[in-house]
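Data first, discussion second: the structure below is written as structure tokens.
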Number of protein chains: 4
Amino acid sequence: MIKVGLIGYGYWGPNLVRNFASTPGCQVEIVSDQREDRLTLVKQLYPNVRVSNNPLDVINDNSVDAIIIATPVFTHFNLAKLALEANKHVLIEKPMTSTFEESEILLDIAAKKDLCLMVDHTFLYTPAVEKMKELIDTKVLGQLNYFDSTRINLGLFQPDVNVLWDLAPHDLSILFHLIPENPISVNATGISHTNNGIENIAYLTVNYQSNFIAHINSSWSSPVKVRSTLIGGSEKMIVYNDLEPSEKIRLYDTSYSHKTDEEKNRILVDYRVGDIQIPKLSGKEALSGVASDFIASINSKKLPLSNGILGQSVVKILEASQKSIKANGKEIII
Amino acid sequence: MIKVGLIGYGYWGPNLVRNFASTPGCQVEIVSDQREDRLTLVKQLYPNVRVSNNPLDVINDNSVDAIIIATPVFTHFNLAKLALEANKHVLIEKPMTSTFEESEILLDIAAKKDLCLMVDHTFLYTPAVEKMKELIDTKVLGQLNYFDSTRINLGLFQPDVNVLWDLAPHDLSILFHLIPENPISVNATGISHTNNGIENIAYLTVNYQSNFIAHINSSWSSPVKVRSTLIGGSEKMIVYNDLEPSEKIRLYDTSYSHKTDEEKNRILVDYRVGDIQIPKLSGKEALSGVASDFIASINSKKLPLSNGILGQSVVKILEASQKSIKANGKEIII
Amino acid sequence: MIKVGLIGYGYWGPNLVRNFASTPGCQVEIVSDQREDRLTLVKQLYPNVRVSNNPLDVINDNSVDAIIIATPVFTHFNLAKLALEANKHVLIEKPMTSTFEESEILLDIAAKKDLCLMVDHTFLYTPAVEKMKELIDTKVLGQLNYFDSTRINLGLFQPDVNVLWDLAPHDLSILFHLIPENPISVNATGISHTNNGIENIAYLTVNYQSNFIAHINSSWSSPVKVRSTLIGGSEKMIVYNDLEPSEKIRLYDTSYSHKTDEEKNRILVDYRVGDIQIPKLSGKEALSGVASDFIASINSKKLPLSNGILGQSVVKILEASQKSIKANGKEIII
Amino acid sequence: MIKVGLIGYGYWGPNLVRNFASTPGCQVEIVSDQREDRLTLVKQLYPNVRVSNNPLDVINDNSVDAIIIATPVFTHFNLAKLALEANKHVLIEKPMTSTFEESEILLDIAAKKDLCLMVDHTFLYTPAVEKMKELIDTKVLGQLNYFDSTRINLGLFQPDVNVLWDLAPHDLSILFHLIPENPISVNATGISHTNNGIENIAYLTVNYQSNFIAHINSSWSSPVKVRSTLIGGSEKMIVYNDLEPSEKIRLYDTSYSHKTDEEKNRILVDYRVGDIQIPKLSGKEALSGVASDFIASINSKKLPLSNGILGQSVVKILEASQKSIKANGKEIII
């Protein structure tokens with residue numbers, strides 16, 4: 001039985017506690033938050049869970065095996081470091097840390113102490129992403145050509161991080177999960193409409209050695225909410241619309257072959273556009289998959305899907321993107 | 001009565017002839033095309049129009065006042081130059097020329113000879129773009145913040161120009177038409193999946209001195225066809241979906257104001273999301289507006305909406321974009 | 001302070017208790033349900049609310065002023081009659097009763113005892129229906145011509161009532177609420193695919209003295225979920241799509257005038273199709289409006305919007321529809 | 001070589017001539033129309049086709065083997081009768097005739113003279129209907145349960161026939177084509193908003209001996225255009241949306257089985273909702289299929305798909321529907 005403690009019972013914390021509370025093989029022991037009203041809520045819903053307004057009470061609790069960190073990003077590193085040093089397995093909210101260097105330190109400690117270090121990129125556990133992973137891994141798409149994601153809405157402007165740090169971790173974690181190749185560089189552009197230098201609109205290109213390309217369009221300033229990703233292969237293409245209640249994934253049969261038109265001396269692309277398929281997806285809650293994977297990874301000493309290395313890769317791209325924006329879109333090698 | 005000659009009766013030529021044939025104050029005199037079967041078609045539909053397989057017959061025809069050039073892009077410059085030198089007013093298909101330098105030469109000749117030089121950016125004459133122009137010019141949108149356009153589909157891969165040269169002229173001409181400010185630089189990234197160095201997917205950011213930004217997503221490799229542009233202002237935002245048969249323009253009341261949350265030390269954005277309006281647009285054919293504007297501009301020596309300077313601006317951006325792509329996304333000052 | 005008791009803590013009961021618990025001027029005293037696990041749930045969420053497995057404990061509770069009946073339809077009459085006889089105000093789930101006669105008896109008792117008798121047609125309190133009511137009452141639509149509703153999905157086949165009793169109360173309550181005229185007759189057709197004589201698909205036409213018409217299409221056997229109502233007036237028309245998250249109401253400017261084309265001797269209809277407007281709707285929960293109206297109606301002895309007479313009208317139509325279906329679509333006068 | 005004459009070069013006539021002109025094995029000989037400007041148009045486009053303002057010139061032309069009648073409905077019977085009596089094969093626009101009796105007379109003459117009598121229910125030759133026919137004939141849908149069609153828009157009010165005669169022939173021809181069983185009766189309701197007794201909104205139920213049911217919702221008074229048909233089977237269901245440019249047919253895996261819930265004594269319907277498939281449809285023009293079938297049927301003395309008997313069935317339903325509307329929705333046996 002893995003005993004779990006949680007730090008930060010804010011927006012996402014309640015979902016974490018609810019899912020861990022119903023995951024077999026684990027037990028939520030203690031929750032900390034600085035706000036008394038949040039702790040009252042915990043007591044009401046989970047009378048057997050202890051509470052504290054001090055995160056150190058969680059970290060230093062001897063009965064606790066694993067700690068979930070669901071606090072603001074800038075606190076992730078310090079709390080996770082303390083937790084790992086106290087020999088706890090750690091699950092951190094995304095993005096993992098504020099810098100690549102911080103994530104490196106955490107990964108080092110976890111490796112040395114043989115602890116599980118996982119990042120809560122919940123999307124990897126959604127039925128839609130699982131279906132895409134299956135389609136890609138079984139080569140249904142053929143050779144992978146591009147990943148093009150749009151995640152825009154009228155959103156709360158964050159005061160300390162730009163829109164990429166807020167929205168793109170979803171796209172980037174899915175990208176790293178689905179695409180086996182590692183990127184080599186990024187270019188990013190963006191704009192701040194708040195005069196504080198924090199971009200509310202940003203465009204990110206992720207470059208690869210092969211001729212695969214990824215692009216992410218992030219905005220807090222769109223009148224319409226869009227969560228849509230195109231993934232193109234040489235045989236089939238996926239349109240993933242996360243706002244569709246029951247038709248999130250559409251698989252297009254759009255293979256094409258190149259041929260040269262002698263007369264016109266041009267490359268012709270011959271499309272074979274066929275049926276569209278909308279696979280039925282299960283209705284399971286992604287976060288319960290996160291909880292199960294964390295517990296199973298601790299127990300069997302395996303790497304979770306959403307492991308610290310993937311989390312670090314996301315941070316690396318975010319950090320490089322910010323550099324690129326500030327350098328007027330210059331390519332940043334990663 | 002303006003006498004008109006047309007060079008190139010291919011895909012778009014028939015639409016041009018049809019519209020000029022029904023425009024008051026002008027008369028189509030002669031059409032040239034190298035393909036005999038195209039000329040036969042002209043004779044059948046317009047028995048009074050002369051035909052020739054030699055473009056020089058159009059250019060040197062003394063009865064002709066104005067020449068329409070609807071041939072492949074790489075021929076635009078030579079034909080237009082000859083036509084201007086023969087003292088003809090000229091309407092060129094978009095994009096105007098293959099290089100900025102070429103367009104400069106054409107503009108110079110036209111200026112010296114006081115001839116009308118127009119580019120057929122048809123979109124500027126669509127009811128949808130006219131409505132957006134009206135909304136922007138009457139300050140309905142407030143301060144302009146961004147322009148974000150997506151023009152993607154499964155398209156014929158062009159053999160000589162990349163996807164930006166093929167698709168982005170539409171977006172860029174609309175951008176220049178609607179936004180009074182001139183851009184200062186571009187960044188572009190892209191990828192070629194045909195191993196000929198000609199990008200079939202490209203992403204273009206257009207930068208401005210103010211904190212306005214434009215972005216264009218162009219692709220010949222999307223399983224779904226999208227023609228959608230978001231234009232954001234401080235008061236209202238437009239979603240322009242050109243694929244909608246009768247609801248192309250949606251006007252969102254989404255003004256927001258910044259305020260600082262003292263406690264949390266963050267900039268809060270306070271949105272007032274209100275009604276959406278879908279204005280009724282007229283059903284008129286855009287190309288008839290092109291024809292009328294060309295004839296009226298010749299007659300009254302005024303500048304047409306879709307004038308050579310706007311056409312040149314589009315070419316300038318395309319040229320700079322190509323440079324940026326080849327320089328790994330480097331900012332290119334324009 | 002109105003003291004409230006609730007009978008039936010099943011699917012809808014929890015929503016009722018939650019809303020009444022947070023409505024000023026009232027207090028939930030006691031909840032009954034035959035299932036112990038349901039009562040445990042009540043105790044957990046509302047430690048101050050008493051529970052019982054006997055509905056008579058609610059009805060005979062002297063501290064209770066008003067009773068909410070959220071049990072299966074066939075039990076409504078008996079429980080409501082007992083409650084009224086015990087001098088309690090009563091709110092019944094829809095549909096009010098199984099027969100018109102039963103509703104008549106309840107209305108009589110309530111009238112004699114000056115008690116409030118209300119039916120929970122929740123839809124009347126939704127922002128969308130409120131907006132439509134406002135548009136109709138302010139004559140924005142002009143003369144009302146028709147109401148055409150489709151409410152279909154893959155649904156649980158009810159064992160005791162047909163699809164009209166299950167789904168049409170929503171449409172009928174909205175119809176009675178919005179349209180001031182009383183219907184004179186109905187025609188209904190339908191089919192049972194379960195061989196138990198209980199229709200899973202049914203079509204209902206409601207006829208009026210004027211040339212207004214209403215039609216309702218109800219089905220448990222549709223692969224797609226549709227909740228859509230068209231309301232046509234001589235000046236404007238409404239499309240109400242309840243599945244749209246933020247654009248439920250669209251107002252079309254589609255007025256038309258008749259004229260006679262002399263030459264062709266035909267009536268021409270001249271449409272003026274104009275803008276479409278999508279009004280911003282508030283996000284308030286409809287059921288809290290139900291609770292407030294019930295309490296306010298008790299306190300001020302006014303008729304609630306969703307009063308027993310409206311509830312009875314719905315039952316009258318359902319009863320007549322069933323007769324019509326069984327009489328092969330014969331018109332049934334009401 | 002079948003020589004064809006056409007009577008009526010109005011809205012649909014040009015499409016007929018164009019398609020027959022390009023159908024192998026036939027030749028358009030002569031076209032008649034009372035309007036000289038229409039005949040001028042014919043001469044312009046088809047210099048080899050003779051024209052006349054007198055339909056008898058077509059009917060009595062000895063070189064003509066087959067006659068297409070594309071005139072208003074009330075003239076169909078007389079013209080078709082004359083044509084058949086003149087030993088011509090006949091293709092009539094839909095609906096075939098104004099009464100069942102008229103269609104009976106035509107069928108009799110055609111049978112006696114062994115002539116082909118066909119009705120232009122073009123929809124039967126569309127790729128979408130062909131696909132549905134294939135899905136139904138190969139039992140993909142399982143046992144057929146219902147057909148539910150909505151065909152509504154803001155339309156020209158016809159002066160002489162109601163909305164069912166105008167719009168429902170499409171739905172009814174598809175219904176008769178797809179569903180092997182013959183209907184036994186109809187119920188129809190409707191309303192006229194023009195005070196001339198001609199319904200602009202009508203609802204039609206078609207009843208069958210088995211527990212199959214069909215329903216058609218027709219309106220000239222809807223602010224939105226809808227062309228949508230649901231076809232439900234025990235294994236799968238089709239949603240046919242004719243307004244979709246490339247995704248007209250969606251096939252839902254929605255089989256269900258009945259079981260009785262002992263405890264609750266209710267019939268439970270157990271759905272297995274699976275993938276959705278959107279088959280690729282060919283882009284061929286339906287009317288060319290009509291022309292080919294007409295010519296092939298003449299040549300090989302076979303019955304065309306859209307034969308006179310199917311055309312008559314449509315008229316029978318329309319006639320019965322009108323009776324039902326005028327009899328307040330009474331069931332009319334057919």
Side-chain angles (χ1 to χ4, degrees), chain C residues 145-146 148 150 152 154-160 185 187 189-196 198 200-201 203 205 207-208 211-213 215 217 219-224 230 232 234 236-239 250 252-254 256 258 260-261 264-269 271 273 276 324 327-331, chain D residues 145-146 148 150 152 154-160 185-187 189-196 198 200-201 203 205 207 211-213 215 217 219-224 230 232 234 236-239 250 252-254 256 258 260-261 264-269 271 273 276 324 327-331:
Chain C
N145 284 330
Y146 70 86
D148 187 342
T150 304
I152 61 178
L154 274 190
L156 189 65
F157 285 41
Q158 303 286 339
D160 49 356
S185 68
N187 298 86
T189 54
I191 198 86
S192 169
H193 291 121
T194 42
N195 300 322
N196 62 356
I198 294 178
N200 52 301
I201 297 178
Y203 304 103
T205 301
N207 305 296
Y208 291 77
N211 57 7
F212 185 83
I213 193 169
H215 186 264
N217 179 337
S219 172
W220 288 325
S221 297
S222 163
V224 282
L230 309 182
S234 56
K236 300 210 177 183
M237 299 186 191
I238 289 170
V239 176
R250 293 167 71 107
Y252 288 76
D253 185 357
T254 50
Y256 54 88
H258 310 143
T260 308
D261 178 347
K264 296 193 187 169
N265 195 24
R266 49 158 56 193
I267 290 168
L268 289 182
V269 173
Y271 284 106
V273 179
I276 302 167
S324 178
N328 298 323
K330 200 185 146 207
E331 182 184 25
Chain D
N145 284 330
Y146 68 85
D148 187 342
T150 303
I152 61 178
L154 272 189
L156 189 65
F157 284 41
Q158 302 287 339
D160 49 356
S185 68
V186 304
N187 297 88
T189 55
I191 198 85
S192 168
H193 291 122
T194 43
N195 300 322
N196 62 357
I198 294 178
N200 52 301
I201 296 177
Y203 304 103
T205 302
N207 305 295
N211 57 6
F212 186 84
I213 192 169
H215 187 263
N217 180 338
S219 172
W220 290 324
S221 296
S222 163
V224 282
L230 309 184
S234 57
K236 300 211 176 183
M237 299 187 191
I238 289 171
V239 176
R250 293 167 72 105
Y252 289 76
D253 185 357
T254 50
Y256 55 90
H258 310 141
T260 307
D261 178 347
K264 294 192 186 171
N265 194 25
R266 50 157 58 192
I267 291 169
L268 289 182
V269 173
Y271 285 106
V273 180
I276 303 168
S324 178
N328 298 324
K330 200 185 148 212
E331 182 184 25

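Proteins come first, then strands; the chains are lettered A, B, ... in the order of their sequence lines, and each starts at number 1.
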With a 4.5 Å heavy-atom cut-off, do D/Asn207 and D/Glu331 have their side chains touching? yes
Top of C/Gly329, C/Gly190, C/Pro223 for chain D proximity - count of heavy-atom pairs under 4.5 angstrom: C/Pro223
Taking atom types as modelled and ignoring hydrogens, do the side chains of D/Asn200 and D/His193 form a donor-acceptor contact shorter than 3.5 angstrom? yes
Side-chain H-bond candidate by donor/acceptor type, D/Tyr203 with C/Asp148, under 3.5 Å: yes
Proximal component of [X], with respect to chain C [non-hydrogen, under 4.5 Å]:
X: D/Ile198; result: neither
X: D/Ser324; result: neither
X: D/Ile191; result: both

Parallel under 30°, tilted from 30 to 60°, perpendicular over 60°: which one fits the rings of C/Phe157 and C/Trp220? tilted
Identify which part of C/Ser192 has an atom lying under 4.5 Å from any heavy atom of chain D, answering side chain, backbone, both or neither. backbone
Which bit of C/Ile276 comes within less than 4.5 Å of chain D, counting heavy atoms only: side chain, backbone, both or neither? neither
If I take atom CE from residue C/Met237 and atom CG from residue C/Leu230, how far apart are they, to the nearest 0.5 angstrom? 9.0 Å
